[in-house]
Amino acid sequence: MSRVIPTDNSLDNLTQLFSRRGLIDHLRTSIKRPDNLGIIYINVVGFRHINHIYGHDLADDLLKLFARILKGLVRQKGVLARLAADEFIIAITQVADLHYMSTLVERIDNAFRQPLLCQGESIALQLRFGMSANGAAPFCDDCPIESLLSQASLAAQYARSQDSSEAVLFNLEIERQLSRHSRLRHDLQMAISKQQLYLLYQPIIKTQTGDICGAEALLRWQHPTYGLVPAEETIAIAESSGLIEHLSKWVLANCLSWLRDNESDLPFGFRLGINLSAKLLESANYLAFCIEQISAVPTLGYALEFEITESKNFDNDTRVNDFMNALHALGVVFSLDDFGTGYASFERMQSLDFDAVKLDRSIVHMADQSSAGKHMITAIVALLKPLGMTIVAEGIEGNTQMDTIRRLKCHEAQGFWLYKPMLAGEFHALICQQTS
Ligand code: C2E
Ligand code: MG
Ligand code: MG
């Protein structure tokens with residue numbers, strides 16, 4: 001096996017590991033075919049923040065320490081490289097079977113579970129792993145090494161997008177999903193001006209009378225290639241690409257314009273629910289926009305409701321309270337959406353001034369399940385009742401669920417069994433039918 005004499009750009013100055021160029025040159029000369037080659041791609045999540053918080057000097061030392069520990073773990077079994085600040089590669093040239101690669105990843109993951117001590121600071125690193133190997137997916141025959149490197153990088157990108165600490169092995173489905181994601185991310189910029197976005201309105205009824213008392217506005221994106229993009233995917237893309245504020249302003253403006261146009265036909269006390277990304281609760285800019293828009297026609301504030309799903313972004317109660325207080329003053333009410341899933345907590349409910357709570361459909365569906373499920377939903381409603389909030393049951397899909405919700409005296413209900421989300425014009429016609 002001939003040895004590559006490292007030239008200046010074949011080594012990473014900081015860690016003395018191979019650079020990308022150096023790694024490719026080394027692999028080209030040291031292996032005949034990539035049949036035995038496996039790539040593990042390691043991404044240090046949020047390294048930019050470490051740089052920002054602790055400064056470049058410490059961050060550099062941390063990277064050197066990281067590389068040293070990695071070397072100790074990999075030993076002679078693989079070749080190490082650093083491709084960018086926070087991207088490392090292990091090329092396995094001897095025993096590139098997937099079992100070996102997964103075991104190595106596990107060992108690395110375990111080793112970095114403890115924070116690293118660097119310049120007196122204790123710093124926890126979060127790693128994401130992507131893997132590629134011959135046989136896992138076809139690669140380009142002309143440049144098999146580059147091909148495997150980029151496949152492992154895509155797999156790590158996918159692990160990051162899924163927030164998964166498990167190593168992801170590249171396959172063609174991952175490539176398809178990532179390419180859809182980046183296309184959507186790119187296209188969302190123009191979706192508003194190209195009029196590909198619109199809102200559907202799903203009626204909400206009073207449980208005791210069956211009358212429509214409100215609606216929830218639900219975002220839809222008709223993409224020219226991919227068709228209808230699910231709302232949750234659109235919102236996730238908007239949040240991760242910094243477009244959520246722009247998008248949410250568009251939603252609010254549309255809802256206000258619908259309310260303005262139809263105000264005279266709406267039943268007394270009507271509320272239109274707008275889903276609000278928790279990220280925006282801390283945006284002074286978005287709050288100012290809400291105040292300006294809602295104040296333009298003061299009666300409209302009383303027809304608006306913001307639905308907020310508790311999330312990990314939702315952690316500054318003082319700011320959230322300020323946001324809620326400013327809009328409460330204009331007549332707007334707030335509901336805690338998807339109650340009973342993930343982050344819902346009674347502590348939050350106590351500290352924040354919610355006017356309504358929307359029981360997630362997973363709770364509502366307990367009505368159809370075991371007697372334990374029925375007891376659970378009864379207990380949840382009993383617990384919420386004394387808090388004085390309006391209780392809305394979401395996702396009603398059948399008779400039994402509706403009967404239970406009525407018996408438990410939940411105030412309002414929403415679901416496909418009652419009404420599916422519909423176009424603005426259809427919803428207006430439905431309301432007129434009810435009030436005539
Ligand atoms: P959500 O706020 O909980 O909205 C209710 C979701 O449940 C909607 O899904 C609705 O179509 C669906 N749904 C209603 N009744 C039933 C039922 O009986 N059965 C079932 N299986 N589903 C039912 P959609 O429209 O796909 O929206 C999903 C989520 O996306 C929403 O959940 C909300 O969190 C988010 N979202 C939608 N529009 C917007 C928006 O304009 N802004 C923000 N930030 N989020 C939005
Ligand atoms: Mg909602
Ligand atoms: Mg919900």
Side-chain angles (χ1 to χ4, degrees), residues 188 191-192 196-205 212 214-222 227-258 271-283 286 289-290 304-311 313-314 323 333-344 354-368 390-402 404-405 410 412-424 426-427:
L188 187 57
I192 294 181
Q196 293 166 358
L197 298 182
Y198 61 98
L199 293 171
L200 291 183
Y201 296 77
Q202 186 176 26
I204 298 175
I205 63 157
I212 294 170
E216 175 171 7
L218 295 163
L219 185 68
R220 294 292 179 264
W221 179 10
Q222 186 66 41
L228 208 54
V229 182
E232 275 160 345
E233 190 177 5
T234 307
I235 296 302
I237 291 170
E239 285 184 344
S240 68
S241 60
L243 286 170
I244 190 67
E245 192 165 313
H246 181 55
L247 182 63
S248 304
K249 285 178 176 173
W250 177 86
V251 171
L252 177 66
N254 262 267
C255 286
L256 286 171
S257 141
W258 186 88
R271 291 275 177 187
L272 180 58
I274 298 179
N275 290 288
L276 185 61
S277 166
K279 284 202 164 175
L280 292 179
L281 290 165
E282 296 188 28
S283 160
Y286 181 71
F289 178 81
C290 291
L304 267 189
E305 173 164 339
F306 276 122
E307 301 188 4
I308 304 170
T309 304
E310 206 181 3
S311 79
N313 299 316
F314 194 73
F323 186 99
V333 294
F334 287 84
S335 60
L336 185 58
D337 204 356
D338 302 335
F339 184 78
T341 56
Y343 296 93
F354 282 106
D355 307 271
V357 54
K358 297 189 82 172
L359 294 184
D360 187 70
R361 70 168 177 275
S362 55
I363 304 286
V364 170
H365 289 195
M366 286 177 181
D368 287 337
T390 304
I391 302 176
V392 186
E394 279 195 296
I396 306 271
E397 285 182 353
N399 214 352
T400 333
Q401 291 164 11
M402 193 60 213
T404 306
I405 288 311
C410 288
E412 296 174 6
Q414 171 184 1
F416 291 167
W417 188 72
L418 298 163
Y419 296 101
K420 293 214 164 117
M422 55 187 83
L423 290 166
E426 285 176 78
F427 181 52

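Atoms within a ligand are numbered from 1 in the order they appear, just like the ligands themselves. By convention here, the first residue in the shown sequence is residue 1.
Of all heavy-atom pairs spanning Arg361 and Gly395, the tightest one is CB-CA, 3.6 Å. Heavy atoms only, all atoms of each residue included: Ala393 and Ile405 are closest at CB-CD1, 3.6 Å. Across all non-hydrogen atoms, the minimal contact from Ala413 to Val392 is N-CG1, 4.4 Å. Across all their heavy atoms, Gly214 and Phe427 have their closest contact at O-CZ, 3.9 Å. In terms of heavy atoms, Ser283 sits closest to Glu245 at OG-OE1, 3.0 Å. For Glu307 against Gly273, the heavy-atom pair with the smallest separation is OE2-CA, 4.0 Å.
Taking the side chain as every heavy atom from C-beta outward, Leu252 and Phe306 approach each other to under 4.5 Å. Annotation: side chain of Leu247 is in contact with side chain of Leu197 (closest heavy-atom distance under 4.5 Å). Residues Ile363 and Glu394 have side chains not in contact (no heavy-atom distance under 4.5 Å, counting atoms from C-beta outward). Side-chain contact between Trp221 and Gln196: present, with at least one pair of heavy atoms (C-beta onward) separated by less than 4.5 Å. Taking the side chain as every heavy atom from C-beta outward, Leu199 and Leu219 approach each other to under 4.5 Å. With contacts defined as side-chain heavy-atom distances shorter than 4.5 Å, the pair Glu216/Asp337 qualifies.
Of all atoms in ligand 1, listed by their number and element, those nearer than 4.0 Å to a heavy atom of Pro421 are 11 (O). Counting the atoms of ligand 1 from 1 in the order shown, those under 4.0 Å from a heavy atom of Gly415 are 15 (N), 18 (O). For ligand 1 and Leu218, the ligand atoms under 4.0 Å from any heavy atom of the residue are 4 (O), 8 (C), 10 (C), 11 (O), 25 (O), 37 (C), 38 (N).
For atom 32 (O) of ligand 1, no protein heavy-atom neighbour is found at a distance under 4.0 Å. Counting only heavy atoms, the protein never gets under 4.0 Å from atom 6 (C) of ligand 1. Using a 4.0 Å threshold on non-hydrogen atoms, atom 9 (O) of ligand 1 does not count as touching the protein.
Using a 4.0 Å cut-off between heavy atoms, Lys358 makes no contact with ligand 1 at all. Counting heavy atoms under 4.0 Å from ligand 1, residue Val251 touches it through the side chain alone. The proximity of Ile396 to ligand 1, defined as any non-hydrogen pair under 4.0 Å, is limited to the backbone.
Here the heavy atom of the protein found nearest to atom 38 (N) of ligand 1 is Leu219 N, 3.1 Å. Atom 19 (N) of ligand 1 has its closest protein heavy atom at Glu397 OE2, 2.5 Å. Annotation: atom 3 (O) of ligand 1 to nearest protein heavy atom, Asp338 OD1, 2.9 Å. Distance from atom 42 (N) of ligand 1 to its nearest protein heavy atom, with residue and atom name: Asn275 O, 3.3 Å. For atom 43 (C) of ligand 1, the nearest protein heavy atom (residue, atom name, distance) is Ile235 CD1, 3.4 Å. For atom 14 (C) of ligand 1, the closest non-hydrogen atom on the protein side is Gln202 OE1, 3.0 Å. Among all non-hydrogen protein atoms, the one lying nearest atom 18 (O) of ligand 1 is Phe416 N, 2.8 Å.
Under the side chain to side chain contact (heavy atoms under 4.5 Å, CB included) criterion, Leu423 pairs with Tyr198, Leu200, Glu426, not counting sequence neighbours.
In this structure, Gln202 contributes its side chain and Tyr419 its backbone to a donor-acceptor pair below 3.5 Å. Listed for the Gln401 side chain is a donor-acceptor partner under 3.5 Å among the backbone atoms of Glu397. Checking side-chain atoms of Asp355 against main-chain N and O of Phe334 turns up a donor-acceptor pair under 3.5 Å. Proximity of a side-chain donor or acceptor of Arg271 to a complementary backbone N or O of Leu304 within less than 3.5 Å is detected.
Under the 4.0 angstrom criterion for non-hydrogen atoms, Lys420 is not in contact with ligand 1.
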Step-by-step side chain to side chain contact (heavy atoms under 4.5 Å, CB included) determination, Leu218 to Asn275:
CA-CA 8 Å; Leu218 295 163; Asn275 290 288; 3.8 Å; yes
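Scanning Glu216, Glu239, Arg361 for the heavy atom closest to atom 4 (O) of ligand 1 points to Glu216. Atom 26 (O) of ligand 1 has its nearest heavy-atom neighbour, among Ala231, Gly395, Pro230, in Ala231.
The shortest N or O to N or O distance between Leu199 and ligand 1 is not under 3.5 Å. Considering both main-chain and side-chain atoms, Trp417 never comes within under 3.5 Å of ligand 1 through any nitrogen or oxygen pair. In terms of polar-atom proximity, Asp337 is counted as a contact of ligand 1, with an N or O under 3.5 Å from an N or O of the ligand. Between Gln414 and ligand 1, a contact under 3.5 Å exists for no N or O pair.
Protein atoms of type N, O or S found under 2.8 Å from the Mg ion (ligand 3) total 4.
Glu216 contributes OE2 as its N, O or S atom closest to the Mg ion (ligand 2).
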